[in-house]
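This report refers to the structure that appears directly beneath it.
Only this structure's heavy atoms are used, side chains among them; waters, hydrogens and symmetry mates stay out.
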Amino acid sequence: MTRLIFLGPPGAGKGTQAQVLAEHLQIPHISTGEILRQAMKEQTPLGIKAQSYVDSGELVPDQLVQDLVEERLAQSDAKPGWILDGFPRKVTQAAFLEELLAKTAQCGERVVNLDAPDDIVISRLLARGRKDDTEEVIRRRLEVYRNETAPLIDYYSQRERLLTVNGNQSQEEVTSELKNIFAP
């Protein structure tokens, strides 16, 4: 059973690689952003709560995101395994996930850290051409990532669950490396 968590700075290729690997392994790619948008679209009880935060321009609270993740991991398609992308983002969320997986007998997750240098990440994100992807905004996002998410690397490393993959290679090379590591 494959249970993977993808970490890495914005622009490292987490979403792309998680999607490709999930298709290869025939397990769901679970993006917290996607779960959130789906719950709001479907007007589920958690989606309605989340919408109120989004509408007022606030971050959705951890507890609500955790509830959405718990609900999603309980769905039948996630039983044979999954790839989480965008969660956990901080150590407190990682601790929650560890407890949840122990409680639901889904232990044994591995963590893939797609590592890429800032200059590469910045040029990739600028190349996307999104209007909110200015160099200043990207640098701020990287700073937030380093402060909040990077401690997860130590957290999972201490638990001997971390695998670092060089994200500073072509998309095809990263995909090939991941498929070799996690061949079914």
Side-chain angles (χ1 to χ4, degrees), residues 4-22 29-41 46-47 49-70 72 83-98 109-159 161-171 173-175 177-178:
L4 300 173
I5 297 167
F6 271 56
L7 298 179
K14 294 180 302 293
T16 302
Q17 295 299 335
Q19 203 163 6
V20 169
L21 192 59
H29 165 221
I30 301 172
S31 155
T32 46
E34 212 37 59
I35 296 172
L36 201 54
R37 285 186 287 278
Q38 192 66 32
M40 290 186 298
K41 181 180 164 196
L46 291 174
K49 274 188 196 172
Q51 189 72 56
S52 66
Y53 289 98
V54 171
D55 289 346
S56 62
E58 294 180 45
L59 288 176
V60 177
D62 281 359
Q63 186 59 55
L64 186 51
V65 174
Q66 291 171 187
D67 291 346
L68 285 163
V69 168
E70 183 170 4
R72 180 63 185 91
I83 297 177
L84 265 179
D85 168 18
F87 186 89
R89 286 187 186 259
K90 16 184 161 164
V91 172
T92 53
Q93 292 176 341
F96 158 81
L97 183 61
E98 201 167 6
E109 75 281 6
R110 305 265 317 270
V111 181
V112 175
N113 177 35
L114 277 180
D115 195 29
D118 287 1
D119 59 327
I120 296 297
V121 165
I122 290 167
S123 65
R124 283 181 186 171
L125 292 175
L126 288 173
R128 290 195 310 196
R130 294 185 188 168
K131 63 179 180 230
D132 61 330
D133 278 348
T134 65
E135 186 166 340
E136 185 181 329
V137 168
I138 293 167
R139 286 191 185 282
R140 176 69 188 125
R141 286 171 56 202
L142 286 169
E143 186 182 321
V144 168
Y145 168 76
R146 303 260 182 264
N147 292 338
E148 289 190 7
T149 310
L152 287 171
I153 293 166
D154 291 335
Y155 180 88
Y156 285 116
S157 183
Q158 290 167 5
R159 285 160 175 71
R161 297 207 175 125
L162 186 73
L163 172 73
T164 297
V165 173
N166 179 5
N168 186 17
Q169 37 183 348
S170 75
Q171 183 179 326
E173 289 170 313
V174 175
T175 299
E177 190 173 332
L178 289 169

Q) Does Y145 have R141 sitting over its ring (NZ/CZ under 6.0 Å from centre, angle to axis within 45°)? A) no
Q: Drop me the distance from D115's CG to I120's CD1, to the nearest 0.5 angstrom.
A: 11.5 Å
Q.
Ignoring hydrogens, what is the shortest heavy-atom contact between L97 and P88? Give both atom names and the distance.
A. CD2-CD, 4.0 Å
(Q) Quick check: do I122 and L142 have side-chain heavy atoms less than 4.5 Å from each other? (A) yes
(Q) Keeping K14 on the side-chain end and F6 on the backbone end, is there a donor-acceptor pair under 3.5 Å? (A) no
Q.
Just so I know, are the side chains of V91 and L152 near enough to count as touching, which here means a heavy-atom distance under 4.5 Å?
A. yes
Q. Salt-bridged, R140 to E143, with N to O below 4.0 Å?
A. yes
Q) If you measure from CD1 on I35 to CG on L84, what distance do you get to the nearest 0.5 Å? A) 7.0 Å
Q. What are the two closest non-hydrogen atoms of P9 and A116, and how far apart are they?
A. CG-O, 4.0 Å
Q. Taking atom CD1 of I5 and atom CD1 of I30, what is their separation to the nearest 0.5 Å?
A. 11.0 Å
Q. Could you state the interatomic distance from CD1 (I83) to CZ (R110), rounded to the nearest 0.5 Å?
A. 12.5 Å
Q.
I'd like to check N113 versus Y156 (side-chain heavy atoms, cut-off strictly below 4.5 Å). Are they in contact?
A. no
Q) Which residue pairs pass the salt bridge (charged side-chain N to carboxylate O under 4.0 Å, His left out) test with at least one member in residues 87-96, sequence neighbours excluded? A) D62-K90
**Q.** Counterpart residues, side chain to side chain contact (heavy atoms under 4.5 Å, CB included), relative to E136 (two or more places apart)
**A.** T134
(Q) Show the nearest heavy-atom pair for residues G167 and R124, with the distance to one decimal. (A) O-NH2, 2.6 Å
**Q.** Between CD on residue Q66 and CZ on residue F87, distance to nearest 0.5 Å
**A.** 5.0 Å
Q: Report yes or no: does Q17 contribute a side-chain atom to a donor-acceptor pair with the main-chain N or O of Q171 at less than 3.5 Å?
A: yes
Q) Closest approach of A12 and L114, non-hydrogen atoms and distance? A) CB-O, 3.6 Å
Q.
Testing the 3.5 Å rule here: is there a donor-acceptor pair between the side chains of Q158 and D154?
A. no
Q) Between L36 and A50, what is the shortest heavy-atom contact and its length? A) CD1-CB, 3.6 Å
(Q) Between L64 and Y53, is there a side-chain heavy-atom distance shorter than 4.5 Å? (A) yes
Q. Are any of the side-chain heavy atoms of V111 and Y155 separated by less than 4.5 Å?
A. no
Q | Spacing of CG belonging to L46 relative to CE belonging to M40, to within rounding of 0.5 Å | A | 12.0 Å
Q. Are any of the side-chain heavy atoms of L68 and T32 separated by less than 4.5 Å?
A. no
**Q.** Residues that R128 engages under salt bridge (Lys or Arg N to Asp or Glu O under 4.0 Å), provided they are two or more places apart
**A.** D133
Q) Is the shortest heavy-atom distance from the side chain of R161 to the side chain of E98 under 4.5 Å? A) yes
